[in-house]
Amino acid sequence: MSKLHNGLAVWFTGLSGAGKSTICDGVEQELRNQGYRVEVLDGDVVREGLTKDLGFSKADRDTNIRRIGFVTKLLTRNDVVVLVPVISPYRAMRDEMRAQIDSFAEVYVSTPLAVCEQRDVKGLYKKARAGEIKQFTGIDDPYEPPLNPELECKTHESSVEDCVHQVVALIQSRTAIA
Ligand code: ADP
């Protein structure tokens with residue numbers, strides 16, 4: 001029997017610098033204002049703790065996603081909205097998360113590589129182009145875009161506020177706050 005609840009995993013996928021964390025910050029703030037229970041599992045933060053032992057090979061990336069997915073599942077089944085901004089470049093792994101987590105929505109932050117590279121928020125594209133970082137998604141490692149995401153955020157065309165608003169609307173449509 002299905003239960004009406006507020007738990008939902010919102011999985012943000014896209015290139016480094018696409019805007020995943022920035023949009024999540026705004027969504028988290030707005031959800032808290034509305035009384036939701038929220039947690040954020042940011043890829044960069046998780047890699048400093050839960051998955052610190054992992055690198056960027058396909059096997060390590062898959063393990064990274066599986067661990068994040070495990071925690072996400074625990075939280076969502078306890079009525080938490082979990083925002084997950086992680087590059088998660090492999091479609092099969094995102095589909096595995098969708099299959100495992102009862103309530104799941106995929107947000108594709110579809111900022112083109114050229115825009116991400118021009119922003120170069122963390123200076124990583126410059127290093128990747130110079131060969132100082134290997135296996136960098138979009139440069140010398142693959143990114144497989146979602147085929148059927150619940151939402152696409154085009155940050156090169158829409159403001160941060162608009163993107164946040166779109167995601168909050170999606171969450172509201174998928175949850176029932178008492
Ligand atoms: P990611 O988490 O995907 O690696 P970040 O959120 O760290 O990306 O960086 C995205 C950068 O793009 C930030 O500097 C942000 O201010 C900028 N930006 C410009 N327009 C947008 C938008 N519409 N949505 C999100 N970020 C945007």
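When a ligand or atom number is given, it counts from 1 through the structure's own listing order. These figures come from a predicted structure and were not determined experimentally.
- Given atom 15 (C) of ligand 1, the protein heavy atom at minimum distance is Thr22 OG1, 3.7 Å.
- Among all heavy-atom pairs drawn from Leu147 and Arg91, the shortest one is CG-NE, 3.6 Å.
- Considering backbone and side-chain N/O atoms, Ile23 never comes within less than 3.5 Å of an N/O atom of ligand 1.
- Both the sub-6.0 Å distance and the 45° axial angle are not jointly satisfied by Lys127 relative to the ring of Phe136.
- Within the listing of ligand 1, atoms 3 (O) sit less than 4.0 angstrom from a heavy atom of Leu15.
- Heavy-atom proximity to atom 9 (O) of ligand 1, evaluated over Ile87, Val160, Val121, Val115, is greatest for Val121.
- Each of the atoms 4 (O), 7 (O) of ligand 1 lies under 4.0 Å from some heavy atom of Lys122.
- No side-chain donor-acceptor contact under 3.5 Å links Arg61 and Ser88.
- Of the protein's heavy atoms, Arg119 NH1, 3.0 Å lies nearest to atom 12 (O) of ligand 1.
- Below 3.5 Å of separation, one finds no N or O of Ser16 facing any N or O of ligand 1.
- Of all protein heavy atoms, the one lying nearest to atom 4 (O) of ligand 1 is Gly17 N, 2.7 Å.
- Assignment of Pro85 to the shell around ligand 1 is not supported, since no heavy atom sits closer than 4.0 Å.
- Taking the ring axis of Tyr125 as reference, the NZ or CZ atom of Arg119 does not stay both within 45° of it and closer than 6.0 Å to the ring centre.
- Remark: distances from the non-hydrogen atoms of His156 to ligand 1 are all 4.0 Å or more.
- Under 4.0 angstrom from ligand 1, there are no non-hydrogen atoms of Cys153.
- Residue Ser159 places a heavy atom under 4.0 Å from ligand 1.
- For His156, the NE2 atom sits in a packed shell: over 12 heavy atoms of surrounding residues, nucleotides or ligands are nearer than 6.0 Å.
- The shortest non-hydrogen separation linking Thr13 to Glu106 is CG2-OE2, 4.0 Å.
- Gln166 and Glu152 are not linked by any side-chain donor-acceptor pair at a separation below 3.5 angstrom, with hydrogens and angles left out of the test.
- Close approach of ligand 1 to Ser158 is summarised as follows: ligand atoms under 4.0 Å from at least one heavy atom of the residue are 23 (N).
- Counting only N and O atoms by type, the side chains of Thr111 and Thr155 include a donor and acceptor under 3.5 Å apart.
- Defined by atom type and a distance below 3.5 Å, a donor-acceptor pair is missing between the side-chain atoms of Thr175 and Asn6.
- For the pair Gly19 and ligand 1, the shortest N or O to N or O distance falls below 3.5 Å.
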